Amino acid sequence: MQSTSEEHPNDAVWLGRNVVDSLPQGALAEKLAIAHRESRQLRVKLGIDPTAPDIHLGHAVVLGKLREFQDAGHRVVLIIGDYTARVGDPSGRSALRPMLSAEEIETNAATFQEQALKVLNADPGRLEVRRNSEWLDMPMTELLKLLRTTTAAQLLERDDFSKRWAAKQPISMLELVYPLLQGYDSVAIEADVEIGGTDQKFNLLLGRDIQRAYGLPEQAVLTMPILAGVDGRQKMSKSLGNQIGITDEPEEMYGRTMSIPDQVMGDYYKLVLGREPDQLLGPRDAKRELAREIVSWLHGPEAAAAAQAHFDRVVVQGDAPERIKETLFDVQNGTVHMPGVIADAFGVSRSEARRLIDQGAVALDDTALSAGEHDVASERLDGAVLRVGKRRFRRMRQASS
RNA sequence: GGUGGGGUGUCCGAGUGGUUAAAGGAGUGCGGCUGUAAACCGCAUGGCUCUGCCUACGCAGGUUCGAAUCCUGCCCCCACCA
């Protein structure tokens, strides 16, 4: 994603790097030629559904490709699917998504847009942000015209639909119509190119059919690889909890990157950093470098170095971090009830805190509390470092009364 | 319109009157091991004022000493036939 070179090649070979599909064949080159001939920018579309507010590295792969188009002088049209979010896209999953309230969608959309600018160039000449409620809130006659463009058989060709159909699993009408709405977005903004994950391939291609039906030139379609989550198995997704968020804290980001399985490390290098790992490095060092560069990209080099130092110290060495948050505690009868303190400090339930103590996971200044040791003398606690598990620390201070 | 299936803990999913806070799995946490927050192994995993109490199996009632399990009504979901 990080373009180190000064020039930004404006050709199909460069812009087609790392894509899984560039369809139809030669379409991208043709679009670029047209743009050059007519001295205009290409309109490069990305539709995002503001169902989950935070952007993660998986999104960053697609956004990074858009950034390359911007750097080559083109215009990205970011469509916030505020209207389609009310429909729920089933892509790649077998269950229906919940419908969101208008307020949730608004909040998510704002967050998403803000975070997308960590990767995209915000220059108004290079970025246009639209809401699809601008055009999708259409009269019935318009909707029927749109529906006429496609047959049920066509839609059921889509992989996840056909699987569900075969398995006699539910497919809602809303889901079925979703690709048409997405395709209409391409009509509304006159997209030259649309980019998405490989799971979007069907929808992106259907967009071409719909554009044609409306008498417009058909968009070129680029699909990007799906980045695996930190579990290394499923796609990165917030709902699966295996994501590395673009706005995660440096230490969190570094640690989560270190937790990816070695097998997917190469993909992370290629898709996120846009290069291959250094062949001379062993897997441990290659992963350290990967983690450091990702943090560096999103938080800067100093934060990256600090995150690395923190990781080495806390996770590898098992020591307490250099800076520890303080927590105040109250005293009753000279003792402190630890489950309450732990629950308040780390957001776990008191029952869970009790279990942690009984499992020997809680220590004060490196001395583990024993099972049943739930109440501690206040003088022992004041100023001590409370450690829960391997990497949760708090410095305890008695609240002044 | 008809027939059949189903709504259980964070998720998936067993359980059809009595050690059922509810099998099993996933996830998560802790511990061990490790270059790693990976893999693997072990343990734990509703809440609380904790040797007890409270809450929980779509919702509301009912039967019973006792119900997730039986009955009544309601709500919701799915498939099939047409």
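Proteins come first, then strands; the chains are lettered A, B, ... in the order of their sequence lines, and each starts at number 1. As the structure is a prediction and not an experimental result, all values here were calculated from the model.
- Contacts with RNA chain B (heavy atom under 4.0 Å) in residues 251-260 of chain A: E251(A), G255(A), M258(A), S259(A), listed by number.
- Looking at N203(A) and E194(A), their side chains never come closer than 4.5 Å, going by heavy atoms from C-beta outward.
- Atom-to-atom, CZ of F311(A) to C1' of A38(B) comes out at 10 Å; the value is rounded to the nearest Å.
- Taking the side chain as every heavy atom from C-beta outward, P339(A) and I357(A) approach each other to under 4.5 Å.
- C30(B) atom P lies 15 Å from atom CG of L369(A), rounded to whole Å.
- Comparing R387(A) and V316(A) by the nucleotide of RNA chain B whose heavy atom lies nearest to each, the residue mapping closer to the 5' end is R387(A).
- Under 3.5 Å, the side chain of Q359(A) and the base of G29(B) form at least one donor-acceptor pair of N or O atoms.
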task = With side-chain hydrogen bond (donor to acceptor under 3.5 Å, both in side chains) as the test, would you mind laying out the steps for D192(A) and H74(A) before giving the verdict?
result = CA-CA 10 Å; D192(A) 293 301; H74(A) 301 290; over 6 Å; no
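- Rounded to the nearest Å, the gap between the C1' atom of C54(B) and that of C40(B) is 40 Å.
- Remark: aromatic rings of Y184(A) and Y214(A) are close, center separation under 6.0 Å.
- The distance from the CD1 atom of I195(A) to the CD atom of Q219(A) is 10.5 Å, given to the nearest 0.5 Å.
- When the P atom is used for both U28(B) and U72(B), the distance is 44 Å, rounded to whole Å.
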Note, RNA chain B 5' to 3' with Watson-Crick or G-U pairs under 3.5 Å encoded as ( ), [ ], | and . gives ((((((((.[[[..)..(.....]]]((((((.......))))))(((...)))...[[[[[..)....]]]]]))))))).
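- In terms of phosphate contacts, R392(A) brings a side-chain nitrogen or oxygen within less than 4.0 Å of OP1 or OP2 of C30(B).
- Contact annotation: R355(A) side-chain N/O to G47(B) OP1/OP2 distance is under 4.0 Å.
- Using C1' as the reference atom, G35(B) and C12(B) are 35 Å apart when rounded to the nearest Å.
- As rounded to whole Å, 12 Å separates atom C1' of C78(B) from atom CZ of R164(A).
- Atom CD of Q317(A) is separated from atom P of A37(B) by 12 Å (rounded to the nearest Å).
- Residue R350(A) places at least one side-chain N or O under 4.0 Å from the OP1 or OP2 atom of U49(B).
- For the pair N242(A) CG and A26(B) P, the computed distance is 17 Å after rounding to whole Å.
- Among pairs with a residue in residues 360-378 of chain A, those fulfilling salt bridge (Lys or Arg N to Asp or Glu O under 4.0 Å) read E373(A)-R380(A), at least two apart in sequence or across chains.
- For E352(A), whose side chain is taken as the heavy atoms from C-beta onward, the closest listed nucleotide among G29(B), U36(B), C30(B) is G29(B).
- To the nearest angstrom, P of C30(B) lies 12 Å from CD1 of I342(A).
- A donor-acceptor pair is defined here as one N or O able to donate and one able to accept, closer than 3.5 Å; no such pair exists between the side chain of R75(A) and the backbone of Q70(A).
- As rounded to the nearest Å, G32(B) and U69(B) have P atoms that lie 44 Å from one another.
- Using atom C1' as the reference point in both U45(B) and C11(B), the two lie 14 Å apart (nearest Å).
- Phosphate proximity of G46(B) to S349(A): absent, as no side-chain N or O sits under 4.0 Å from OP1 or OP2.
- G2(B) and C74(B) have their P atoms separated by 15 Å, with the value rounded to a whole Å.
- With salt bridges taken as basic N to acidic carboxylate O contacts below 4.0 Å, one links R158(A) and D160(A).
- A cation-pi arrangement, defined by a distance under 6.0 Å to the six-membered ring centre and an angle within 45 degrees of its axis, is absent between R164(A) and F161(A).
- Classification of R275(A) and E293(A) as a salt-bridged pair holds, one side-chain N sitting under 4.0 Å from a carboxylate O.
- Rounded to whole Å, the C1' atom of G58(B) lies 15 Å from the corresponding atom of C78(B).
- Distance K390(A) NZ to G29(B) C1': 11 Å, rounded to the nearest Å.
- For G46(B) and G9(B), the P atoms lie 14 Å apart once the distance is rounded to whole Å.
- Annotation: of the two residues near RNA chain B, R391(A) and V348(A), the 5′-most nearest-nucleotide partner is R391(A).
- The separation between R288(A) atom CZ and U36(B) atom P is 11 Å, rounded to whole Å.
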Checklist line | Criterion side-chain hydrogen bond (donor to acceptor under 3.5 Å, both in side chains) on E276(A) and Y269(A), from CA distance to verdict | finding: CA-CA 6 Å; E276(A) 298 294 326; Y269(A) 261 98; over 6 Å; no
